[in-house]
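First the proteins, then the strands, lettered A, B, ... as listed; each starts at 1. Everything numeric in this text was worked out from a predicted model, so none of it was measured. Only heavy atoms go into these numbers, but all of them, side chains included; no hydrogens, no water, no symmetry mates.
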There are 2 protein chains.
Amino acid sequence: MSMRRIAADLECDPMAIYRHFPNREALLDAVADLALAGVVDPGPETPWDQRLSGILAAARSAALQHPGIAAHIAARPPLGVHGLRLAAGITASLTEAGLSPTAVVQTLQTLIAYVTAALAMAVNAGVRDERWHRVSQAMSGLPGETLPIVGSSEQFTYGLRLLLHGIRAEAAAGGSR
Amino acid sequence: MSMRRIAADLECDPMAIYRHFPNREALLDAVADLALAGVVDPGPETPWDQRLSGILAAARSAALQHPGIAAHIAARPPLGVHGLRLAAGITASLTEAGLSPTAVVQTLQTLIAYVTAALAMAVNAGVRDERWHRVSQAMSGLPGETLPIVGSSEQFTYGLRLLLHGIRAEAAAGGSR
DNA sequence: ACCTGAACACCGTTCAAGT
DNA sequence: ACCTGAACACCGTTCAAGT
């Protein structure tokens, strides 16, 4: 929620917020970046794939700890200091993996797309989205109990593993280009 | 935009809409599904990876032809008739690829996450998001002209290729499980 | 010069009042 | 019984009026 709601929680006039931020979006950007402050980059000593997974998983769980802001993180490019710091870590990992500069940027975009979507799913799925449950049941015919939960960290890890396979294949195929 | 706006365009009372749909979300779900009506599934004769790419790319471009509804498609599970039809096509492709039933459901979720995120990027990036441009520049040091455009179909295809690599690897590793 | 809060132009939805 | 539209409880933001 926002502006009036935040102002009420802060026990101040709604307009006082506009003294500090030009608009609602700027305020949410700032909060979003703050939510990523605690995410640690394992750094260049860690193997690139572990570093990559580490950053992405940590960013995901950090965002989920502030569910109110997760939707906004999911919707905007990471231009705050912490967002850029993590993007730099991912970029370094991908470069170390052997991708060309162009491939690094494309893969960075793909990864951010994936994390934000996984985040969005986790947020508006609660923990188990009844709607998703119905899709899965309709498709698979599996009993409900064994289905992977939408937006779960297991589900996130699975998709990330697919992408890591792709990155390795891409690096092997065109690394020097 | 919505309810009052739609009613104005329809030249009717805003409340008349509530005679046909219980709420705004139900209306948008219906419109979203309609937007996917024209997406054709190449069908089982087509090799699974081409079928998969075909469905996803077609769904993406169909959604982008109605930019007003793309954001909603990006935010909700595909439970309309056309959404389920496409999900069934994807499921069939993944099964043919050799994934286990559980892997099929997990991969389906991953793919939908990716498409919806790519869609969201394309929508709120216009065609070239100045914010994204800044991230990419900060990261890569490449001249702006050569950067892949955020939310472009080339960018979409690149990420999809990564995922297809992952699916093939997964099928080869654990197909019979 | 600074800050407050009334006011503007919205929104989705409810529900009493009309037919 | 059906439908309309006034009203409710919001929203982000502007801007005139106060100090």
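In this structure, A/Trp48 and A/Ser93 approach most closely via the heavy-atom pair CB-O, 3.4 Å.
D/dT4 is paired with C/dA16 under the criterion used here, namely a Watson-Crick or G-U wobble arrangement in which both key atom distances are under 3.5 Å.
Follow the hydrophobic side-chain contacts under 4.5 Å out from A/Leu34 and you never reach A/Val81; the two are in separate clusters.
If you take atom P in D/dA9 and the same atom in C/dA9, they sit 22 Å apart, rounded to whole Å.
Nearest nucleotide to the B/Arg5 side chain, out of D/dT4, C/dT13, C/dC10: C/dC10. Picking from D/dT13, D/dA6, C/dG12 the nucleotide with the shortest atom distance to the side chain of A/Arg24 gives D/dT13. When each of D/dC8, C/dG5, D/dG5 is scored by its nearest atom to the side-chain atoms of B/Arg4, the top-ranked nucleotide is D/dC8.
Computed from coordinates, the B/Leu10 CG to D/dT4 P distance equals 13 Å when rounded to whole Å. Atom CD1 in B/Ile6 sits roughly 11 Å away from atom C1' in C/dG12 (whole-Å rounding). The distance from atom CG of A/Leu27 to atom C1' of D/dG12 is 12 Å, rounded to the nearest whole Å. When the P atom of D/dT4 is taken as reference, atom CD of B/Glu11 falls 14 Å away, rounded to whole Å. To the nearest angstrom, C1' of C/dT13 lies 12 Å from CG of B/Asp13. In this structure, B/Glu25 atom CD and C/dC11 atom P are separated by 18 Å, rounded to whole Å. The nearest whole Å value for the distance from the CD1 atom in B/Ile17 to the P atom in D/dC3 is 15 Å. Look at CZ on B/Phe21: it is 13 Å from P on C/dT13, rounded to the nearest Å.
In this structure, a donor-acceptor pair under 3.5 Å is absent between the side chains of A/Glu170 and A/Ser100. With hydrogens and angles left out, the side-chain atoms of B/His165 and B/Arg168 include no donor and acceptor closer than 3.5 Å.
Of the charged side-chain nitrogens involved, none lies within less than 4.0 Å of a carboxylate oxygen, so that B/Glu45 and B/Arg51 do not count as a salt-bridged pair.
Backbone-only contact: B/Met3 has heavy atoms under 4.0 Å from sugar-phosphate atoms and none from a base. Nucleic acid contact class of A/Arg19 (heavy atoms, under 4.0 Å, all strands): base.
For A/Tyr18 and D/dT13, the shortest distance from a side-chain N or O to OP1 or OP2 is below 4.0 Å.
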